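For the numbers below, each heavy atom of this structure counts, side chains included, while hydrogens, waters and symmetry mates do not. These figures come from a predicted structure and were not determined experimentally.
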Amino acid sequence: MTEHAPVSAAMHRAKADARASHVTVGLARNLPGDREEIDCSCGMTLTNGPQWSLDEHIRLHRAEARYLALSQVAPAGMPRIIPVDPGRLPR
């Protein structure tokens with residue numbers, strides 16, 4: 001059995017920064033037509049849609065932010081599910 005190395009400082013920092021940079025701001029607003037929206041601290045407005053809830057959009061947004069942040073600092077050559085371009089960001 002091999003010993004596991006701790007998560008690199010760069011990956012840990014990237015994940016923490018993404019978490020801190022994507023928090024909801026204010027209260028959800030009810031719009032006409034059963035629409036809801038809330039702002040994210042990154043400046044994006046998150047909404048519900050015909051096939052997704054506001055909560056689902058918030059969760060996806062946060063997951064994408066973490067994924068992009070980790071992708072930027074992931075070591076080159078690390079096996080990936082989603083192919084990345086030479087800049088190591090998802091296509």
- Message: Return the CD1 to CH2 distance between I58 and W52, rounded to the nearest 0.5 Å.
- Response: 13.5 Å
- Quick one: closest heavy-atom pair of S41 and S21, and the distance? OG-O, 2.9 Å
- Item | A65 versus A18, closest heavy-atom pair with distance | O-CB, 3.7 Å
- Message: Closer than 3.5 angstrom, by distance alone: can the side chain of H57 be matched with the main-chain N or O of L46 as a donor-acceptor pair?
- Response: no
- Task: Check step by step if salt bridge (charged side-chain N to carboxylate O under 4.0 Å, His left out) holds for D17 and R13.
- Result: CA-CA 6 Å; D17 289 347; R13 205 169 24 257; 5.6 Å; no
- Task: Kindly check if the number of other-residue, nucleotide or ligand heavy atoms within 6.0 Å of CZ (R35) is above 12?
- Result: yes
- Gap separating the CD1 atom of I38 from the OG1 atom of T24, nearest 0.5 angstrom: 4.0 Å
- Is it true that the side chains of R80 and S71 contain a donor and an acceptor less than 3.5 Å apart? yes
- Can you tell me how far CZ of R62 sits from CZ of R19, rounded to the nearest 0.5 angstrom? 10.5 Å
- Looking at CZ of R59 and CD of E64, how far apart are the two atoms once the value is rounded to the nearest 0.5 Å? 14.5 Å
- For R29, side-chain hydrogen bond (donor to acceptor under 3.5 Å, both in side chains) partners two or more places apart: E37, D39
- Nearest heavy-atom neighbours spanning M11 and L70: O-CD2, 3.4 Å
- Distance, nearest 0.5 Å, that separates CG of L54 from CD of E36: 5.5 Å
- Closest contact, heavy atoms only, C40 versus H22: SG-CA, 3.5 Å
- Residues in ring pair (Phe, Tyr, Trp, His ring centres under 6.0 Å) with H12, at least two apart? none
- Say you draw a straight line from CG of N48 to CG of L31; how long is it, rounded to the nearest 0.5 Å? 8.0 Å
